Amino acid sequence: MPELPEVETVRRGLAELVAPNDFIKTVRVHRRDLRFPVPFRFEQSLAGQKIVGFRRRAKYLLWELDRGVFLSHLGMTGTWRRNPSNSKLHDHLELQLGSGDRFVYNDPRRFGFVDYLEKPDWEDSKWFRHLGPEPIDRSRFTGDHLYQRSRGKSTSLKAFLMDQRNVVGVGNIYASEALFLAGLRPTRKAGRLTKAQALSLVEEVHAVIQKAIEAGGTTLKDFRQAGGETGYFQQQLHVYGREGEACGVCAVAIENVTITGRSSFFCPNCQS
DNA sequence: ATCGCCTCCTGCGCGC
DNA sequence: TGCGCGCAGGAGGCGA
C-alpha cells in the first residue's frame with residue numbers, strides 16, 4: 001500500500017495528533033505473527049515511554065521515544081488510526097496513550113511488521129544498513145549517484161528504481177509515474193542510461209514524490225491518513241492504473257507490461 | 001555478485 | 001447469487 005509519500009503523510013498526521021509530552025501507557029498485541037514476529041517483550045519495551053516525535057526513513061515509520069525507537073513498516077495494507085470508532089478485524093496492535101487517545105494498527109495482509117530499537121545506535125540497525133538516499137535529499141540523490149549506481153546493471157529501469165539500495169521510497173506507483181515523466185520505458189536496461197537521462201530521472205523521481213507528499217499520498221482503495229482522510233494524488237496519476245486510456249499528452253493508449261511480477265504502466269509513444 | 005521468480009496473507013472485483 | 005481466479009501500494013529469500 002504505502003510508498004514514501006503515504007508513509008510521510010502518516011508521519012505528519014501522527015505528529016499532529018499526538019500532543020507534546022504524551023506517553024505510551026499500555027501496549028496490547030492481538031496478533032504476534034505479522035510479517036516478522038512482534039519482538040519478545042515488545043509491550044514492556046514501549047510502555048511508560050514518552051513520545052519525543054515522529055520520523056521516517058525510506059518507508060519505515062519511526063516513533064521516537066525517550067529511550068529508543070518504535071519502528072513500524074506498513075507493508076501493503078498497514079494503517080495507523082487514532083480512536084477508531086469500533087474495533088475491526090485485523091486490528092493487531094493498540095497503543096493506549098497517557099492522554100487517553102488510542103492508536104490502532106490494522107493490517108489485513110500482515111505484510112507489515114514492527115520492531116523496537118534501543119538508543120543511541122538505532123540508526124545502525126539492520127533495517128537501514130542497505131538503504132540508498134532519500135529521493136527528496138538533493139545533496140545525496142543526484143544524477144551522478146543514479147548514473148554511477150546504474151553502471152553494469154542489466155535489470156530493467158523500473159526494477160532498478162524500486163530497488164531500495166539505489167533510492168528509497170519508490171514503489172510500484174511512483175516508479176511508473178517517474179519513468180513516464182522522464183520519457184523512459186520501464187523495460188529499458190538500467191545500464192544503458194545516459195548521464196542526461198539519469199539526471200532527468202532524478203529530477204522526475206524527486207518531483208513526483210514531492211508532489212505526492214503535498215497531495216497527502218495516493219489512495220487507490222484503502223490508504224488512509226491517521227485521522228482517516230484519503231490522499232489526493234491519484235487524481236494526478238498519468239499512467240498508473242490507466243491501461244487502455246488515452247495518454248494525457250499524446251492520446252495514444254497506455255499499456256501495461258509485467259516487470260518482475262509487477263504491473264508497469266507506460267505510454268508507448270511518449271516513452272522510449 | 002546479479003537477477004528474476006516465488007512467497008508471505010487477505011480481500012475484492014470480475015467473468016462465468 | 002455464488003464461485004473461482006487473478007491481482008493488489010512490499011520486499012526478503014532463494015536458485016540459476
Side-chain angles (χ1 to χ4, degrees), chain A residues 1-11 30-38 56-61 71-80 88-92 105-115 125-132 135 148-179 186-192 205 208-209 212-213 215-225 230-237 239-244 256-265:
Chain A
M1 167 223 266
E3 303 183 35
L4 187 154
E6 291 72 40
V7 179
E8 177 63 18
T9 297
V10 172
R11 185 196 72 76
H30 303 296
R31 276 196 83 139
R32 304 198 85 84
D33 56 338
L34 305 184
R35 173 158 196 191
F36 306 112
V38 174
R56 179 193 54 74
R57 172 74 171 111
K59 299 173 190 171
Y60 297 98
L61 175 66
L71 173 148
S72 163
H73 191 292
L74 306 177
M76 293 271 254
T77 52
T79 54
W80 278 100
K88 289 195 309 180
L89 195 60
H90 310 306
D91 283 349
H92 306 311
Y105 179 68
N106 184 281
D107 186 0
R109 291 175 78 179
R110 283 184 282 126
F111 284 180
F113 60 92
V114 294
D115 199 7
S125 136
K126 61 177 176 180
W127 305 114
F128 309 130
R129 212 162 288 155
H130 64 286
L131 296 178
Q148 294 305 333
R149 289 287 310 180
S150 67
R151 294 308 84 190
K153 296 280 199 298
S154 65
T155 192
S156 68
L157 263 187
K158 170 127 181 304
F160 175 74
L161 272 189
M162 290 176 66
D163 185 332
Q164 305 295 299
R165 291 170 296 187
N166 300 322
V167 56
V168 301
V170 179
N172 209 35
I173 298 177
Y174 301 113
S176 278
E177 291 299 308
L179 287 165
T187 46
R188 182 195 273 259
K189 297 250 170 285
R192 307 252 313 267
V205 167
V208 76
I209 294 289
I213 290 172
T218 298
T219 296
L220 292 183
K221 71 193 259 262
D222 50 10
F223 170 67
R224 289 294 183 278
Q225 306 184 19
T230 63
Y232 292 96
F233 195 73
Q234 61 276 14
Q235 296 167 11
Q236 296 179 57
L237 296 177
V239 290
Y240 186 87
R242 298 191 179 282
E243 180 181 7
N256 176 6
V257 285
T258 299
I259 299 173
T260 58
R262 317 293 298 278
S263 288
S264 311
F265 301 88

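Everything numeric here is computed off the predicted structure, so don't read it as measured data. Each chain gets a letter, A, B and so on, in the order its sequence line appears, and its residues count up from 1.
Of the candidate nucleotides B/dC3, C/dG9, C/dA8, C/dA8 has the atom lying nearest to any side-chain atom of A/S263. Of the candidate nucleotides C/dA11, B/dT10, B/dC8, B/dC8 has the atom nearest to the side chain of A/F111. Side-chain atoms of A/H73 lie closest to C/dA11 of the nucleotides B/dG4, C/dG9, C/dA11.
Within the structure, ring pair (Phe, Tyr, Trp, His ring centres under 6.0 Å) contacts touching residues 156-177 of chain A (residues at least two apart or in different chains) are A/Y174-A/F233.
Remark: A/R192 CZ is loosely packed, at most 12 non-hydrogen atoms of other residues, nucleotides or ligands lying under 6.0 Å away. Heavy-atom neighbours of A/R165 CZ from other residues, nucleotides or ligands within 6.0 Å: at or below the threshold of 12.
The aromatic rings of A/W80 and A/Y105 sit tilted relative to each other, their planes meeting at an angle between 30° and 60°. Classified by interplanar angle (parallel below 30°, tilted 30° to 60°, perpendicular above 60°), the ring pair A/F113/A/H73 is parallel.
OP1 or OP2 of B/dT10 has not a single side-chain nitrogen or oxygen of A/T77 nearer than 4.0 Å.
Nucleic acid contact class of A/I259 (heavy atoms, under 4.0 Å, all strands): none. Within 4.0 Å of A/Y240, counting heavy atoms only, lie sugar-phosphate atoms of the nucleic acid but no base atom.
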Report the secondary structure of DNA chain B in dot-bracket form, marking unpaired bases with a dot and bases paired to a different strand with |, and treating Watson-Crick or G-U pairs with both distances under 3.5 Å as paired.
.|||||||.|||||||
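Along DNA chain C, the nucleotide closest to A/N172 and the one closest to A/R35 are compared, and the more 5′ of them pairs with A/N172.
For A/R129, the side chain to side chain contact (heavy atoms under 4.5 Å, CB included) partners are A/K126, not counting sequence neighbours.
Judged by distance alone, with hydrogens and angles left aside, A/R262 brings no side-chain donor or acceptor close enough to the base of C/dA8 to form a pair under 3.5 Å. You'll find a donor-acceptor pair under 3.5 Å spanning the side chain of A/R109 and the base of B/dC9, going by distance alone.
The separation of C/dG6 from B/dC6, taken at their P atoms, amounts to 14 Å, rounded to a whole angstrom. Taking the P atom of each, C/dA11 and B/dA1 are spaced 23 Å apart, rounded to whole Å.
A/R56 contributes a side-chain N or O that, together with a main-chain N or O of A/A58, makes up a donor-acceptor pair within less than 3.5 Å.
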